[in-house]
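In what follows, chains are A, B, ... by sequence order, proteins preceding strands, each numbered from 1.
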Amino acid sequence: MGKQEKIFEILSKLNDRQREALLQIEGPILVIAGAGSGKTRVLTYRIAYLIHQSIAKPEEILAVTFTNKAANEMKQRIKDIVGRRANSIWIHTFHSMGARILRENYDLLGYSKNFVIYDREDQKRLLKNIMKSAGWKFDVGSLIYHIEQFKKYGVMPQDGRIQSVIEEYMDHMKKNNAMDFDDLLANTLKLFESYPQVLDKYAKKFKYIHVDEYQDTSPIQYKLIRRLLKYHDNIFVVGDEDQSIYSFRGADFRIILNFERDFPNAKVVKLEQNYRSTKEILDLANRVIKNNRSRRHKVLWTNNTKGKKPAVLSHYSDREEAAAIVRIIEKSGRPYSDFAILYRVNALSRALEEALMRNGIPYNIVGGFRFYERKEVKDLLAYLRLIYNPRDDMALERIISVPPRGIGSRTLQAFREIAQREGISIYEAIKGHLDEVARGRKTRQALENFVEIIEDMRGREGNLHEMAQELIDRIGYIEYIQSTEDPGQAQNRLENIQELINSMRGYSSLEEYLESISLASDQDELDTRSGVKLMTIHSAKGLEFPVVFVIGLEENIFPHFLSISENNIEEERRLFYVAVTRAQEELYLSHCERRTFRSEMLQPSRFLEEAGLLDEEEDSYTIREYTYEEEDTGDHPFRIGDIVEHRKFGIGRVMSIDGERVKVLFQREGLKTLVLKYANLKKVS
DNA sequence: GTATTAGTGTTTTTT
DNA sequence: ACACTAATAC
């Protein structure tokens, strides 16, 4: 295809408004893009257009997206149009952009190149250690809150003791060459402000800057963008104030509302045609969101046919709710991957998980317990982190006794004190002060072995995954898992380890791999998996599904009681709006009266009323299923004699059931004893 | 001194 | 499902 035809093809795939936005090349442009209005398409095509028409070189383009998944998808789609040149475009999240810039200029702020990124768990571990040595006990969660407040707004709490914990926290981070998520942004800004020549380098490089999901930009992110616009004003942002749902992490949707004020010659384009959902679904979304006051006027419309009416599911308990959802899924005849179940809080996934598992419906949970949060994965990653950065105390603390090697809390404490005294890391203390602490032969030997393994791995040449394999062998991790877990669980963990090793292929350095892991988001691991998807509404942002269930539509759950008391109902309403606009064809809104871990009787969410779905006698929207089911005490649907299917072993017959274990005679593999919870058996009718 | 175990708590949303 | 604690075992 010739060059001009390709451009013609791109432009012909857009509607008038989208094309108008795309062809606006110079100056500040705000695209107000309602849910499902094709904003990603506009953003992608615009960047492809800039390159294809030689308006900009790839390396002169910066695009900031919300997740790494979105970044990768965008890069791929641009590649499809302009080819390999797409590789030199900077497409990043704010955090990964910060990390990249900081690594390119690490020395200026006094870090080493191999700084690590501490996650929530590391932060907590560190804070606990600090309090332990000071003899104080504060709530770790609120300490993290104070740290974030300080980093974002410079606000220090009154209490001197809390101040000193925070100071020590930051001191430790610096000394140990670590940054937390906020540091990635704050330090980048600091770099720009303290070293104008560094800012100039980037501000001159990036001639066209794009920001996706602009409504969730925080003040510090906004400042970063403003700095980069030092020499020009080619800023193209896409967003929708109705979908601003991250205020708790600093997002401020007034930034998008103030765009024209901040950039006086701004051009604004509104995209209101929706290509995702049916008219019924959009009408419902519009009815609810119009109750918000802080927004521009906007009404989504579509050419889609009317479609199926959204339904309300009303049940007594969460068990029945789950059972009803299972029935709807099974009756539909659709593939499981068509369904998504969305909820306000992670805790609501429990009852569903059980029901799905019992009925042999494949599912996967996004977030909550993520792959990268499993014990075995975190253990091995901690080893890699320590190998990469010997100053990573939190990594060392995690794995010093995993597997147990005869080094206990007393020994560790002794090295902590030496590290503190000498201003070095714990690992360095072990290496340099072995004699002072370990006078017992056994402890000394154990420490020497440990250090030797870490040093050997660090000095090793060759592939990452081969190094990891050798590491696992030398620390005896497989044996450790097998001796401490029951067979089903151990099998599971070993599979995860294998998956982890496989995920290392394709990375050329430990640095690159660790960074991609620490900045990974929920959505990043979503793609390859089939089955029903379960996730929070926050995690579902930017995604779409043929059939969506939104559960937990009860007062104090959704809207959440903390948002009610903090007078943050509008954000909850936006969250509801995001949830329902994920649905392409069918939408089910579910509430019930009683939930596990909740003693009180639950009232239906106000959003159901705003959607016009309550208080109608003989309501055509409502499916009433007040079925008080028999308690399934066995907790599984299997009977002796049933024919079942197992993912690996194939078809077999249930021979006996004993509590949570079943014996199954498989055609190929013979008799196996399986733990029901893990076996994921499917009934074959 | 270190390892293991049983019991407890965990639940707003996340890069 | 996990981390943390306190108690006991080695």
Participant: For the pair made of CD in Glu121(A) and P in dA1(C), what is the distance, rounded to whole Å?
Facilitator: 17 Å
Participant: With C1' as the reference atom in both, quote the distance from dC4(C) to dT12(B) in angstrom, rounded to an integer.
Facilitator: 23 Å
Participant: To the side chain of Lys375(A), which of dT13(B), dA3(B), dA3(C) is closest?
Facilitator: dA3(C)
Participant: Which nucleotide wins on minimum distance to the side chain of Arg344(A), given the candidates dA3(B), dT13(B), dT11(B)?
Facilitator: dT13(B)
Participant: Nearest to the side chain of Arg120(A) - dC2(C), dT11(B), dT15(B)?
Facilitator: dT15(B)
Participant: Could you tell me if Arg410(A) and Gln413(A) have a donor-acceptor pair between their side chains, going purely by distance under 3.5 Å?
Facilitator: no
Participant: Look at Arg444(A) together with Asp435(A) and state whether they make a salt bridge at an N to O cut-off of under 4.0 Å.
Facilitator: yes
Participant: Of all the choices, dT15(B), dA3(B), dG1(B), which nucleotide is nearest to the side chain of Ser401(A) once you look at every atom?
Facilitator: dA3(B)
Participant: Using a cut-off of less than 4.0 Å, is there contact between a side-chain N or O of Thr411(A) and OP1 or OP2 of dT2(B)?
Facilitator: yes
Participant: Base, sugar-phosphate, or nothing: which does Phe561(A) touch, judged by heavy atoms less than 4.0 Å apart?
Facilitator: nothing
Participant: Would you say a side-chain N or O of Arg398(A) is under 4.0 Å from OP1 or OP2 of dA3(C)?
Facilitator: yes
Participant: What's the closest nucleotide to the His538(A) side chain, out of dT2(B), dT13(B), dC2(C)?
Facilitator: dT13(B)
Participant: Just call it for Arg249(A): base, sugar-phosphate, or nothing, with non-hydrogen atoms closer than 4.0 Å on any strand.
Facilitator: base
Participant: Between atom CG in Leu447(A) and atom P in dG1(B), what is the gap in whole Å?
Facilitator: 14 Å
Participant: What is the distance, rounded to the nearest whole Å, between atom CD of Glu148(A) and atom P of dT13(B)?
Facilitator: 14 Å
Participant: Ser563(A) side chain N/O closer than 4.0 Å to the phosphate oxygens (OP1, OP2) of dT13(B)?
Facilitator: no
Participant: Do you see a donor-acceptor pair shorter than 3.5 Å between the side chains of Asn114(A) and Asn177(A)?
Facilitator: yes
Participant: With stacking defined as ring centroids separated by under 5.5 Å and planes differing by under 30°, is Phe248(A) stacked against dT13(B)?
Facilitator: yes
Participant: Name the closest nucleotide to the Thr536(A) side chain, picking from dT15(B), dT13(B), dA3(B).
Facilitator: dT13(B)
Participant: Nearest whole Å is fine: how far is dT13(B) P from Ile245(A) CD1?
Facilitator: 13 Å
Participant: Gln489(A) side chain: which of dC2(C), dT15(B), dT13(B) is closest?
Facilitator: dC2(C)
Participant: Take the angle between the ring planes of Phe248(A) and His538(A) and call it parallel below 30°, perpendicular above 60°, tilted in between.
Facilitator: perpendicular
Participant: Below the 4.0 Å mark, does dC2(C) have OP1 or OP2 next to a side-chain nitrogen or oxygen of Arg493(A)?
Facilitator: yes
Participant: Can you check whether Lys128(A) has a side-chain N or O nearer than 4.0 Å to OP1 or OP2 of dC4(C)?
Facilitator: yes
Participant: Within the structure, does a side-chain N or O atom of Ser539(A) lie under 4.0 Å from either OP1 or OP2 of dT14(B)?
Facilitator: yes
Participant: Can you tell me if Gln243(A) and Asp240(A) form a side-chain donor-acceptor pair at under 3.5 Å?
Facilitator: yes
Participant: Would you kindly compare Val345(A) and Thr93(A) by the position of their nearest DNA chain B nucleotide and give the one closer to the 5′ end?
Facilitator: Val345(A)
Participant: Could you please name the option among dT2(B), dT12(B), dA1(C) that lies closest to any side-chain atom of Leu562(A)?
Facilitator: dT12(B)
Participant: Can you tell which of dC2(C), dT12(B), dT14(B) lies closest to the side chain of Arg374(A)?
Facilitator: dC2(C)
Participant: May I ask whether His560(A) stacks on the base of dT12(B), given the cut-offs of 5.5 Å between ring centres and 30° between planes?
Facilitator: yes
Participant: Rounded to the nearest angstrom, tell me the gap between atom CG in Leu575(A) and atom P in dT13(B).
Facilitator: 11 Å
Participant: What does Leu348(A) touch in the nucleic acid at a heavy-atom separation under 4.0 angstrom: a base, only the sugar-phosphate, or nothing?
Facilitator: nothing
Participant: For the pair Tyr202(A) and Phe206(A), name the ring-plane relationship: parallel under 30°, tilted 30 to 60°, perpendicular over 60°.
Facilitator: parallel
Participant: Please report the distance, rounded to the nearest Å, between CG in Leu412(A) and P in dT2(B).
Facilitator: 9 Å
Participant: With sugar-phosphate meaning primed atoms plus P, OP1 and OP2, does Ser409(A) contact a base, only sugar-phosphate, or nothing at under 4.0 Å between heavy atoms?
Facilitator: sugar-phosphate
Participant: To the nearest Å, how far apart are Arg405(A) CZ and dT2(B) C1'?
Facilitator: 13 Å
Participant: Answer yes or no: is there an ion pair linking Arg100(A) with Glu515(A), defined by an N-O contact shorter than 4.0 Å?
Facilitator: no
Participant: According to a strict under-4.0 Å criterion, is Asn68(A) in side-chain N/O contact with OP1 or OP2 of dT15(B)?
Facilitator: no
Participant: Tell me the interatomic distance from Glu566(A), atom CD, to dT13(B), atom C1', rounded to whole angstroms.
Facilitator: 12 Å
